[in-house]
Amino acid sequence: MGLKHLRIAVQLLCLGGFVLLFVLTEYRGEDQLAYPVSLLFRIDPLAALAAALAPGAFGWSLLWPALVVVLLTFVLGRFFCGWVCPLGTTLDGLGRVVGRGRGPVAAGWRRSKYYLLILLTAAGVFGLQIIGLFDPLAIFLRTLTLSLYPAWNLVVNGIFERLYHNPVPVVSPLADRVYPFFDKYLLSFHPPTFTLAVFTLMVFFAIVALEKIERRFWCKNLCPLGALFGLCARHALLRREPAAPCIDCSACLNHCRSGAVSGAGHRAGECLLCMDCEGFCPQGRVRWAWGAPRAGQGVDLSRRGVLTAAAAGMVLAPVAGVTPAMWQRHSFLLRPPGSVAEAEFQRRCIRCGECMKVCIGGALHPAFLDAGPTGLWTPVLVPRIGYCEYNCTLCGQVCPTGAIRPLSLEEKHKFVIGIAVFDQNRCIPFARGEECLVCEEHCPTPEKAIVFDVRPVLVGDEERLVKLPRVVRNRCIGCGICETRCPVEGTSPIRVTNEGESRRPFDPWA
């Protein structure tokens with residue numbers, strides 16, 4: 001097996017492993033996950049960078065795996081991009097489907113990813129963390145969580161349901177036999193739905209569509225993680241020989257997928273270590289060997305470009321910081337239980353979507369502008385769609401950066417997400433004089449946070465004694481099940497606000 005075929009095998013193995021880990025990270029009847037999908041972000045230097053730039057204690061468990069990957073990059077070069085990255089592997093596969101541009105594009109595009117990395121880092125230093133919007137691992141997992149996995153569940157459940165209600169000889173009995181396996185290992189605990197599913201998929205499609213311009217356009221020109229690895233790989237010990245194209249042949253110069261081979265030599269910082277050049281060298285001269293670090297070609301960045309990128313990040317952060325705090329304008333902005341204060345939360349959250357995937361009650365959804373322009377794809381709790389399960393602590397278990405702290409079950413029972421309030425103009429007992437016990441029946445706290453007061457209510461010309469619901473403030477934790485189960489159509493007459501949540505006080509600069 002040649003190095004090229006070995007690389008393809010490793011790519012498929014890593015991709016399959018990440019997807020399998022993702023599918024197995026699911027509630028299976030116990031409040032403990034055996035397969036942490038956050039493993040993908042333990043080896044992500046950008047996630048470690050985001051956590052390091054955030055206020056509060058740094059999670060060292062996130063640093064060491066990422067540091068190992070960085071050190072291996074100093075030795076091997078950008079092996080992660082060419083051999084491990086699930087988004088890169090996906091682009092290699094889908095590029096064959098959508099067709100690839102003839103490229104290469106102008107060499108100046110290669111600098112864009114470095115400028116973007118500088119901008120994101122400078123913004124993070126000055127208080128604005130948007131690294132997760134561009135992290136390829138977050139993009140990959142976010143697309144799986146919010147778009148592809150829900151679609152998979154919808155289609156597969158639809159097929160099994162159709163075969164159950166409309167039996168087909170041989171096929172239906174077989175489906176009945178294999179369904180328990182699918183239900184236990186390959187399907188979610190409940191059919192997932194998410195508010196930004198289409199938008200997230202369109203962003204992913206746009207990245208794939210860039211293949212029409214140039215092969216691995218995203219990886220070569222826009223990926224900030226690739227830029228970070230490129231800086232580390234400039235003097236890698238694993239070297240391509242010969243460094244420059246042979247005088248009598250220019251095959252590698254014309255066919256290099258990463259544009260790493262130029263007339264001046266081999267640019268290790270741009271090489272994805274795909275090993276393709278061994279295959280298309282007609283003389284069989286190309287090989288890979290160990291040796292002392294080679295100067296090679298540096299990253300061709302202009303001083304003006306570096307200063308502009310850094311200045312843009314430095315300006316963007318305080319401008320975002322002077323925007324009025326969203327929680328002051330949006331009392332229904334709810335975060336998952338265990339979340340840190342809003343300013344730190346937005347600087348820690350990598351927008352990976354893991355917490356949304358494992359939410360048993362289907363309560364967590366990606367924010368669009370709910371949390372302000374800098375809170376895109378951060379998790380918000382939407383009680384009208386789903387509720388926070390009283391005995392669930394899974395979201396804190398999977399968060400890779402500490403934006404959501406892991407809580408014990410006892411801590412979770414006391415953690416206040418917010419408090420429920422009634423709109424008496426819409427609540428059935430208040431507005432119609434008819435009894436409704438739904439909110440009280442579903443309240444999960446040991447001492448009910450919703451109680452009833454028997455009072456007279458005027459209905460037309462008639463006065464009736466009706467049980468009127470009331471929220472006991474010191475018992476309500478804001479789980480939202482009352483809002484979820486409320487039978488009134490449209491906006492619920494009982495809604496959870498973020499008043500009194502446990503994660504306050506808020507940072508005044510949030």
Side-chain angles (χ1 to χ4, degrees), residues 4 7-8 11 15 44-46 69 73 76-120 131 133-140 203-234 236 238 240 243 245 250-277 280 296-302 305-306 309:
K4 174 183 176 180
R7 186 258 306 164
I8 294 175
Q11 279 186 288
L15 177 63
D44 180 6
L46 282 186
V69 174
T73 303
L76 301 174
R78 288 177 62 180
F79 77 98
F80 190 93
C81 301
W83 293 61
V84 180
C85 180
L87 182 60
T89 302
T90 303
L91 293 177
D92 280 343
L94 294 182
R96 296 176 178 272
V97 178
V98 302
R100 295 190 175 106
R102 296 186 177 182
V105 299
W109 274 97
R110 301 290 186 269
R111 305 169 188 163
S112 301
K113 61 180 179 291
Y114 296 103
Y115 294 141
L116 179 59
L117 176 64
I118 294 170
L119 185 151
L120 296 176
I131 291 175
L133 301 180
F134 301 94
D135 186 340
L137 303 188
I139 292 172
F140 174 78
V203 172
F204 177 73
F205 280 166
I207 294 174
V208 174
L210 292 175
E211 293 288 293
K212 295 289 290 184
I213 301 175
E214 182 187 25
R215 187 175 188 180
R216 285 270 195 134
F217 184 95
W218 165 267
C219 306
K220 290 187 284 189
N221 304 312
L222 299 177
C223 179
L225 183 58
L228 180 59
F229 286 139
L231 294 174
C232 299
R234 288 176 56 196
L238 184 60
R240 178 188 183 274
S250 61
C252 56
L253 182 64
N254 296 328
H255 298 294
C256 178
R257 72 163 72 184
S258 57
V261 180
S262 69
H266 177 246
R267 295 179 290 187
E270 297 296 328
C271 179
L272 301 180
L273 232 68
C274 66
M275 307 296 184
D276 285 353
C277 51
F280 51 62
Q297 291 187 352
V299 180
D300 184 22
L301 301 180
S302 69
V306 171

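Note that these values count all heavy atoms, side chains included, but never hydrogens, waters or copies made by symmetry. If you're wondering where the values come from, they're calculated on a predicted model, not measured in any experiment.
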### Task
Spell out, as yes or no, whether a donor-acceptor pair under 3.5 Å connects the side chain of K4 to the backbone of C274.
no

### Task
Might you point out which heavy atoms bring L76 and L273 nearest each other, and give the distance in Å?
O-CD2, 3.4 Å

### Task
Look up atom CD1 in I139 and atom OG1 in T90, then write down how far apart they are to the nearest 0.5 Å.
11.5 Å

### Query
Could you give the distance from CG (L120) to CG (L46), rounded to the nearest 0.5 Å?
8.0 Å

## Note on the structure
On a heavy-atom basis, the closest approach of C85 and P136 is SG-CB, 4.5 Å

#### Entry: Inter-residue atom distance L225.CG - I131.CD1, 0.5 Å rounding
10.5 Å

### Main-chain N/O of L210 paired to W218 side chain as donor or acceptor, under 3.5 Å
no

### Message
Is the shortest side-chain heavy-atom distance between L94 and E211 below 4.5 Å?
### Response
no

### Query
CG/L119 to OG/S112 distance, rounded to the nearest 0.5 angstrom?
12.0 Å

## Note on the structure
Rounded to the nearest 0.5 angstrom, the CG-CG distance for D44 and L137 is 4.5 Å

#### Entry: Distance in Å, C219 SG paired with D92 CG, rounded so as to fall on 0.5 Å steps
7.5 Å

### Query
Tell me, do F229 and L272 make a side-chain contact under 4.5 Å, heavy atoms counted?
no

### Message
Within the structure provided, determine whether V69 and V84 are in side-chain contact (heavy-atom separation under 4.5 Å).
### Response
no

### Any F140 side-chain heavy atom under 4.5 Å of L15 side chain
yes

### Query
Who are the ring-ring contact (aromatic ring centres under 6.0 Å, His included) partners of W109, not counting sequence neighbours?
F217

### Side-chain donor or acceptor of K212 paired with backbone N/O of V98 under 3.5 Å
yes

#### Entry: Close side-chain approach of K113 to F134, heavy-atom, < 4.5 Å
no

### Task
Before accepting this row, confirm whether a basic side-chain N of the pair E270/R216 lies closer than 4.0 Å to the acidic partner's carboxylate O.
no

### Message
Given 3.5 Å as the limit, does a donor-acceptor pair link the side chain of R78 with the main chain of G269, or not?
### Response
yes

### Query
Does any N or O in the side chain of K220 come within less than 3.5 Å of the main-chain N or O of R215, such that one atom is a donor and the other an acceptor?
yes

